[in-house]
Amino acid sequence: MNISITKTTSPKAKPDQNNLGFGKIFTDHMFMMDYTEGQGWHDARIVPYQNLSMAPSAMVFHYGQEMFEGLKAYNGADGKVYLFRPDMNAKRTNATNERLCIPELPEEYFVEAVKAVVSIDRDWIPTASGTSLYIRPFIIATDEFLGVAPSKTYKFIVILSPSGAYYKSGLAPVGIWIEDEYVRAVRGGMGFAKTGGNYAVSLAGQVKAHNDGYSQVLWLDGVERKYIEEVGAMNIFFKINGKIITPMLNGSILPGITRRSVIELCKSWGLDVEERKISVDELIEASQNGTLEEVFGTGTAAVISPVGKLRYKDDVFTIGDGSIGETSQKIYDAITGIQTGTAPDPFGWRVEVE
Ligand code: PLP
Ligand code: COI
């Protein structure tokens with residue numbers, strides 16, 4: 001892929017690393033590429049970070065034909081810049097694209113685009129502990145048309161945001177609201193896809209949870225509202241009676257890359273890992289009989305987030321003693337060690353950005 005480069009003539013001041021928050025600050029450059037039916041993906045370019053100019057009739061504004069990804073670049077302890085399993089984000093992009101009738105994006109274009117723009121803005125990767133450069137690739141439908149149909153033109157864009165912890169509480173356990181009224185996705189829908197609609201549908205539940213002091217919503221299955229699916233921006237794991245349990249992929253939850261990595265890691269340690277259906281009743285029972293040892297979420301933005309409190313209807317269940325559990329901490333250390341280059345990489349998950 002040939003990428004043309006136009007550098008900014010007015011670089012911005014770098015932010016205070018102790019006050020980054022998540023997804024609020026953007027770097028000097030972005031990657032863009034266009035798709036035109038009959039021509040394919042073309043005109044790969046890196047340009048100064050800027051507003052987009054689009055027709056108000058562009059299809060993405062009306063019917064939500066769009067997708068996004070999320071990954072991070074880390075400033076390695078050895079001075080190198082690393083990505084974590086970007087090939088998996090490229091594969092998931094195409095799983096999402098297929099569901100949303102967005103044309104396939106060659107995996108190598110995805111990875112090359114990410115590497116190229118991260119490399120140009122590598123000075124923006126923060127170095128403070130717990131920080132990284134969050135990478136947001138996305139594709140939008142750009143045809144000027146109000147009919148409901150797949151667009152014939154698209155833009156693929158990658159923007160970068162130096163970020164700290166996703167939750168204000170950092171590694172302190174978060175409270176999670178088990179939603180019993182709204183649902184996020186149903187089988188046959190698009191729950192497994194990374195597309196804006198799955199997040200738009202989650203907002204009303206999230207507002208309810210926030211109003212009650214909870215960080216995020218834990219979604220139940222869309223039919224029986226009985227089985228646990230995932231959290232707003234992360235997959236969920238339970239340690240019950242020594243076993244690591246996470247809901248199986250069923251088409252309505254996002255196949256998280258951190259989820260898959262945690263499963264592989266735990267299995268390599270000889271832990272019992274079960275990917276299966278788990279009902280909210282089973283969880284409550286485990287909480288009541290004292291076998292629910294740990295709960296944590298996994299995600300690119302959230303990393304490993306311990307859950308300290310679960311609310312379901314009128315009951316509140318406290319997990320552990322308000323600090324991160326032993327296994328959650330061990331997983332956090334192992335994953336972040338691989339990501340940032342302070343630990344060996346036995347699985348070959350790290351990818352260097354030259
Ligand atoms: N589930 C949802 C709904 C998400 O938005 C995310 C974040 O990307 C995840 C799970 C975790 O996925 P990953 O580990 O690939 O970041
Ligand atoms: C990520 O972890 O990359 C996500 O996409 C979560 C996001 C919705 C904030």
Side-chain angles (χ1 to χ4, degrees), residues 20-26 66-74 83-96 99 110 114 130-139 158-168 174 176-177 179 182-186 189-203 205-206 209-210 215-222 228-237 246-266 275 296-305 307 331-332 335-336 338-339 349:
L20 293 172
F22 174 81
K24 293 191 292 195
I25 299 158
F26 300 93
E66 73 96 42
M67 65 77 53
F68 71 93
E69 268 299 329
L71 66 166
K72 283 173 170 175
Y74 307 86
L83 303 172
F84 184 72
R85 311 187 80 177
D87 50 306
M88 304 274 295
N89 297 92
K91 284 199 175 68
R92 191 169 62 189
T93 292
N94 283 320
T96 300
R99 182 65 181 82
F110 179 98
V114 166
T131 65
S132 57
L133 186 69
Y134 185 75
I135 305 166
R136 172 52 61 85
F138 62 105
I139 300 174
V158 184
I159 56 174
L160 308 172
S161 176
S163 292
Y166 185 66
Y167 297 111
K168 288 194 192 82
V174 293
I176 299 283
W177 169 284
E179 174 59 34
Y182 298 123
V183 298
R184 173 184 178 274
V186 291
M190 59 180 192
F192 67 88
K194 210 154 163 62
T195 182
N198 283 332
Y199 298 80
V201 77
S202 77
L203 296 175
Q206 190 179 304
H210 280 183
S215 300
Q216 276 203 22
V217 169
L218 175 60
W219 297 104
L220 299 178
D221 76 275
I228 288 168
E229 299 245 296
E230 63 179 327
V231 179
M234 51 192 199
N235 296 108
I236 190 92
F237 283 75
T246 192
M248 64 199 269
L249 300 179
N250 58 3
S252 57
I253 71 177
L254 192 80
I257 294 160
T258 323
R259 173 189 180 279
R260 173 135 164 208
S261 306
V262 165
I263 291 171
E264 290 170 22
L265 197 61
C266 287
E275 292 178 70
F296 58 93
T298 65
T300 298
V303 197
I304 305 296
S305 283
V307 174
I331 295 168
Y332 177 88
I335 290 271
T336 55
I338 294 174
Q339 288 169 336
W349 288 341

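For ligands, and for the atoms within them, numbers begin at 1 and follow the listed sequence.
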> What is the nearest protein non-hydrogen atom to atom 8 (C) of ligand 2, stated with its residue, atom name and distance?
Replying inline: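 Looking at atom 8 (C) of ligand 2, the protein heavy atom closest to it is Tyr199 CE2, 3.6 Å.
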>> Give me the residue, atom name and distance of the protein heavy atom closest to atom 6 (C) of ligand 2.
In response: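 Nearest neighbour among protein heavy atoms for atom 6 (C) of ligand 2, to 0.1 Å: Ala233 CB, 3.8 Å.
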>> Using only atom types and a distance under 3.5 Å, with no angle test, would you say the side chain of Arg259 pairs donor to acceptor with the backbone of Met234?
In response: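 Absent.
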>> Under the rule for side-chain contact (heavy atoms from CB on, under 4.5 Å), what residues qualify as partners of Ala73, not counting sequence neighbours?
In response: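 Ala73 satisfies side-chain contact (heavy atoms from CB on, under 4.5 Å) with Val81, Leu83, Val118, Ile125, Leu133, Ile135 only.
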>> Show, in sequence, the C-alpha distance, side-chain angles and deciding distance for Val201 and Tyr182, and conclude whether the side-chain contact (heavy atoms from CB on, under 4.5 Å) test is met.
In response: CA-CA 9 Å; Val201 77; Tyr182 298 123; over 6 Å; no
Per-atom contacts, ligand 2 versus [X] - under 4.0 Å to a heavy atom:
| X | result |
| --- | --- |
| Ala301 | 1 (C), 2 (O) |
| Arg136 | 5 (O), 7 (C) |
| Lys194 | 4 (C), 5 (O) |

Pairwise, report which nitrogen or oxygen atoms of ligand 1 are under 3.5 angstrom from protein nitrogen or oxygen atoms, and how far apart they are.
residue, atom, partner, partner atom, Å
ligand 1, 1 (N), Glu230, OE1, 2.6
ligand 1, 5 (O), Lys194, NZ, 3.3
ligand 1, 5 (O), Tyr199, OH, 2.6
ligand 1, 8 (O), Lys194, NZ, 2.8
ligand 1, 14 (O), Ile257, N, 3.2
ligand 1, 14 (O), Thr258, N, 2.9
ligand 1, 14 (O), Thr258, OG1, 2.5
ligand 1, 15 (O), Arg92, NH1, 2.8
ligand 1, 15 (O), Arg92, NH2, 3.2
ligand 1, 15 (O), Ile257, N, 2.7
ligand 1, 16 (O), Thr300, N, 2.8
ligand 1, 16 (O), Thr300, OG1, 2.6

> Under the ring-ring contact (aromatic ring centres under 6.0 Å, His included) criterion, do Tyr134 and Phe22 qualify, and how do the steps go?
Replying inline: CA-CA 8 Å; Tyr134 185 75; Phe22 174 81; 4.9 Å; yes
>> Does Phe138 form a side-chain contact (heavy atoms from CB on, under 4.5 Å) with Ile159? I'd like the steps, not just the answer.
In response: CA-CA 9 Å; Phe138 62 105; Ile159 56 174; 4.3 Å; yes
> Do Glu229 and Asn250 have side chains that get closer than 4.5 Å, going by heavy atoms?
Replying inline: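 They are in contact (side-chain heavy atoms under 4.5 Å apart), so the answer is yes.
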> Trp177 versus His210: any side-chain heavy-atom pair under 4.5 Å?
Replying inline: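 In short, these two side chains do not touch, never coming nearer than 4.5 Å.
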>> For Arg260, I'd like to know if atom CZ has over 12 heavy atoms of other residues, nucleotides or ligands within 6.0 Å.
In response: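 Count not over threshold, so no.
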> At the 4.0 Å heavy-atom cut-off, does Met234 count as touching ligand 2?
Replying inline: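 False for this residue.
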> Heavy atom of Glu69 under 4.0 Å from ligand 2?
Replying inline: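 Glu69 does not count as a contact of ligand 2 under the 4.0 Å cut-off.
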> Angle class for the Trp349/Phe84 ring planes (parallel below 30°, perpendicular above 60°, tilted otherwise)?
Replying inline: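 The arrangement is perpendicular - the two ring planes meet at more than 60°.
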>> Regarding atom 4 (C) of ligand 2: of the candidates Tyr134, Phe22, Phe68, which has the closest heavy atom?
In response: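 Checking each option, the heavy atom nearest atom 4 (C) of ligand 2 is found in Tyr134.
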> Salt-bridged, Arg184 to Glu230, with N to O below 4.0 Å?
Replying inline: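 So Arg184 pairs with Glu230 through a salt bridge.
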